[in-house]
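The structure under discussion appears below in the form of structure tokens.
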Protein chains: 2
Amino acid sequence: MMDHRFDTLAHEFRAHGHKLTQPRRAILHALLATAKPLSPAEIQQRGQDFCHDLGLVTVYRTLELMDALEMVRAVHLADGCHGYVLATPGHTHHVVCERCHAVIEVIGCELGDFLDTVATRTGYQITGHWLEISGVCADCQHEPPHEA
Amino acid sequence: MMDHRFDTLAHEFRAHGHKLTQPRRAILHALLATAKPLSPAEIQQRGQDFCHDLGLVTVYRTLELMDALEMVRAVHLADGCHGYVLATPGHTHHVVCERCHAVIEVIGCELGDFLDTVATRTGYQITGHWLEISGVCADCQHEPPHEA
DNA sequence: TAGCTAACTGAAAAGGTTTTTCATTACGAG
DNA sequence: CTCGTAATGAAAAACCTTTTCAGTTAGCTA
Ligand SMILES: [Mn+2]
Ligand SMILES: [Mn+2]
Ligand SMILES: [Zn+2]
Ligand SMILES: [Zn+2]
């Protein structure tokens, strides 16, 4: 299976002087196989299909590293905020489906004018922001209402 | 001390059929005395100045109630996301100072156009968003760099 | 004001999650 | 292939949050 996205991400580890281990491959596979935020525990469970004895501690350590390398981004969820989705390096946002949790990354960010207003009104020098958007994905819009 | 903001908030409990207890008063005092997000543990500590044996469990329960009454809002912080600030009912955002954590609530929200763009690009029907802004407050802008 | 009762409380325990420690393993340079 | 180091899993510790339960308190009624 020569998955191009997998290879690209896998190389990020090496490119920054880190080892490309089986547990790390398993975590990549788990993250690539889904389009919704996964908790560390979920990543461990799914990752064990690829690395039988993948440990939860390793998942935490790998996510911390991937976060530093901007391969992954923490997503704040309504309950707790400790899900993770794959991310493009740099400033992006995510839209999460409130029914099935499917997530899509949004690359542009036109908040400039609004943030200028905020700066003027508050006297704060704005240095960053965290925006998460919730909605209903195309699939779920065509589903009958609340199932399960 | 007839603090008007305190009285207004205190009445919210009664207005919704809840009791106005000493622990709840203490939590209000703690939240009113500061302008930065406080964790449940911090609220307990500060609240104990007003109610000596304020329990942490009560803080959790009261925050849950206040959140339902829109008296308070959970703020997602870079590390963990379980601080709380007082909030105006309805849709608002907060700007948090990255140095001293001072927070100001921002009432307007001009994300409409951007969210329309997102809807078009993703096919999602947008139902809500969570925006947190970080910056440097006016006071900290006049401070010499990293102290502490 | 005194009495009553449901709402509320704190302590303890249970349940989760995240971090630390440490002996062992495996990546990958040489 | 060999070796040194980064990385790993298990166990334990440290935290954080929720549940349970017996006792207390707020606020209504008389
Ligand atoms: Mn943005
Ligand atoms: Mn969060
Ligand atoms: Zn969906
Ligand atoms: Zn500040």
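Reminder, nothing fancy here: chain letters follow the sequence lines and each chain counts from 1.
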Produce the list of close N/O pairs, under 3.5 Å, pairing protein atoms with atoms of nucleotides 27-30 of chain C; give distances to one decimal.
from    : atom 1 : to     : atom 2 : distance (Å)
dC27(C) : O2     : K19(A) : NZ     : 2.8
dG28(C) : OP1    : R14(A) : NE     : 3.3
dG28(C) : OP1    : L20(A) : N      : 2.7

Could you tell me the separation between the [atom1] atom of [X] and the [atom2] atom of [N], rounded to a whole number of Å?
X: D53(B); N: dA12(C); atom1: CG; atom2: C1'; result: 15 Å
X: E64(A); N: dT17(C); atom1: CD; atom2: P; result: 19 Å
X: L54(B); N: dA11(C); atom1: CG; atom2: C1'; result: 13 Å
X: R24(B); N: dA7(C); atom1: CZ; atom2: P; result: 11 Å
X: F13(B); N: dT9(C); atom1: CZ; atom2: C1'; result: 14 Å
X: Y60(B); N: dG16(C); atom1: OH; atom2: P; result: 16 Å
X: D67(A); N: dT18(C); atom1: CG; atom2: C1'; result: 15 Å
X: I27(A); N: dA7(D); atom1: CD1; atom2: P; result: 12 Å

(request) Take L56(A) and L56(B), find for each the nucleotide of DNA chain D with the closest heavy atom, and name the residue whose nucleotide sits nearer the 5' end. (result) L56(A)

(message) So if I take every side-chain heavy atom of T62(A) and compare against dT8(D), dT18(D), dA10(D), which nucleotide ends up nearest?
(response) dT8(D)

(request) For the pair H91(B) and H129(B), name the ring-plane relationship: parallel under 30°, tilted 30 to 60°, perpendicular over 60°. (result) perpendicular

(request) Keeping to residues at least two apart or across chains, list the salt bridge (charged side-chain N to carboxylate O under 4.0 Å, His left out) pairs with something in residues 12-35 of chain B. (result) none

(request) May I have all residue pairs that pass salt bridge (charged side-chain N to carboxylate O under 4.0 Å, His left out) and include part of residues 40-52 of chain B, sequence neighbours excluded? (result) K36(B)-E42(B)

(message) Checking A10(B) now: which residues fulfil side-chain contact (heavy atoms from CB on, under 4.5 Å) with it, not counting sequence neighbours?
(response) F6(B), L20(B), L28(B)

Less than 3.5 Å apart, which donor and acceptor atoms pair up between the side chains of residues 52-59 of chain A and the rest of the protein, not counting sequence neighbours?
none

(request) Identify whether any heavy atom of R61(B) sits under 4.0 Å from a base atom; if not, whether one sits that close to sugar-phosphate; answer base, sugar-phosphate or nothing. (result) base

(request) Take atom CD of Q48(B) as the centre, draw a 6.0 Å sphere, and report whether it contains more than 12 heavy atoms from other residues, nucleotides or ligands. (result) yes

Taking distance alone, no hydrogens or angles, what donor-acceptor pairs closer than 3.5 Å link side-chain atoms of residues 108-118 of chain B to residues at least two apart or in another chain?
from    : atom 1 : to      : atom 2 : distance (Å)
T117(B) : OG1    : D113(B) : O      : 3.0

